[in-house]
Amino acid sequence: NGNQTWGANFSFLTPYEVVYVNGDVNWAGGWVSGTGTIIVNGNFRVTGSVTPSTLSSKLCVLSTNGVNFDGGTSFIGYF
């Protein structure tokens, strides 16, 4: 709970995992490992590029206050 700042890279520990955050998330980006959904009761902000670690890695983000990508942010593949 509360606002969070995440460093580079994010790993889902179990297939189709759901991560809930009650607050804003500021994520530095990096690679995503595994498959899952991040639900944010606040704003989700990405400040760096995002890449899947494998072809089967997938990320879904749901946010009550929007998903923001800072300038220069890019994505490799579809998430």
Can you name the nearest heavy-atom pair linking [X] to [Y], along with the distance?
X: S33; Y: S57; answer: CA-OG, 3.7 Å
X: S63; Y: G42; answer: OG-O, 2.5 Å
X: G7; Y: A28; answer: C-CB, 3.9 Å

*Going from CG on N68 to CG on N43, what distance comes out if it is rounded to the nearest 0.5 angstrom?*
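Spacing of CG (N68) from CG (N43) equals 4.5 Å.
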Would you give me the side-chain donor-acceptor pairs under 3.5 Å for residues 11-23, sequence neighbours excluded?
from: E17; atom 1: OE1; to: L13; atom 2: N; distance (Å): 2.6
from: E17; atom 1: OE1; to: T14; atom 2: N; distance (Å): 3.4
from: N22; atom 1: OD1; to: N41; atom 2: ND2; distance (Å): 2.9

*asked:* Using the rule that Ile, Leu, Val, Met, Phe, Trp and Tyr join whenever any side-chain heavy atoms are under 4.5 Å apart, tell me whether L62 and V40 fall into a single cluster.
replied: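 No: no chain of side-chain contacts under 4.5 Å links L62 to V40.
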*Is L59 reachable from I39 through a run of I, L, V, M, F, W or Y residues, each pair having side-chain heavy atoms under 4.5 Å apart?*
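No: no chain of side-chain contacts under 4.5 Å links I39 to L59.
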*Listed partners of T5 passing side chain to side chain contact (heavy atoms under 4.5 Å, CB included), at least two apart*: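 Listed in chain order: N26.
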*Sequence neighbours excluded - salt bridge (charged side-chain N to carboxylate O under 4.0 Å, His left out) pairs with any residue from residues 19-44*: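 Those involving residues 19-44 do not exist here.
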*salt bridge (charged side-chain N to carboxylate O under 4.0 Å, His left out) contacts touching residues 40-51 (sequence neighbours left out)*: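 Every pair satisfying salt bridge (charged side-chain N to carboxylate O under 4.0 Å, His left out) with a residue in residues 40-51: R45-D70.
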*Sequence neighbours left out, what passes side chain to side chain donor-acceptor pair (under 3.5 Å) with N9? Give chain and number order.*
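N9 satisfies side chain to side chain donor-acceptor pair (under 3.5 Å) with W31 only.
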*Are side-chain heavy atoms of V50 and W27 found at a separation under 4.5 Å?*
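Yes - at least one pair of side-chain heavy atoms lies under 4.5 Å apart.
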